[in-house]
Amino acid sequence: MSIANVPTQYLTIAEVASILRVSKMTVYRLAQARALASVRFGNSYRIPEKAVEEYIKKAGTSGTNV
């Protein structure tokens, strides 16, 4: 399988912030801390959609839900 055949949707910092309902700065911090996988294109970050899904799953299983 070639990497060219695997479609990956990339989201902007603003899109991820909207999905998670947090500020853009929070998403930047998550990306820089490598808590959220990201790819840097020039001066901008892109977050793979699967990374956001995985982050949400991890956050949901932290045991802090009421």
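None of these values were measured; they are calculated from a predicted model. Note that the numbering runs from 1 along the sequence shown for the chain.
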Any chance you could measure [X], atom [atom1], to [Y], atom [atom2], to the nearest 0.5 Å?
X: M25; Y: Q32; atom1: CE; atom2: CD; result: 8.0 Å
X: T8; Y: E49; atom1: OG1; atom2: CD; result: 9.5 Å
X: Y28; Y: S38; atom1: OH; atom2: OG; result: 10.5 Å
X: K24; Y: R29; atom1: NZ; atom2: CZ; result: 13.5 Å
X: S18; Y: L11; atom1: OG; atom2: CG; result: 10.0 Å

Looking only at atom types and distance, does a side-chain atom of E15 sit under 3.5 Å from a main-chain N or O of T12, one as donor and one as acceptor? yes

Cation-pi geometry met for R40 and Y45 (6.0 Å, 45°) = yes

With sequence neighbours left out, the residues meeting side chain to side chain contact (heavy atoms under 4.5 Å, CB included) with A51 are L36, A37, I47, P48

hydrophobic_cluster_shared for I56 and V27, side chain cutoff 4.5 Å: yes

Do V22 and V52 belong together in a cluster built from hydrophobic side chains that touch within less than 4.5 Å?
yes

For S23, the side-chain hydrogen bond (donor to acceptor under 3.5 Å, both in side chains) test, sequence neighbours excluded, returns T26

Contact between Y55 and L30 at the side-chain level, heavy atoms closer than 4.5 Å - yes or no? yes

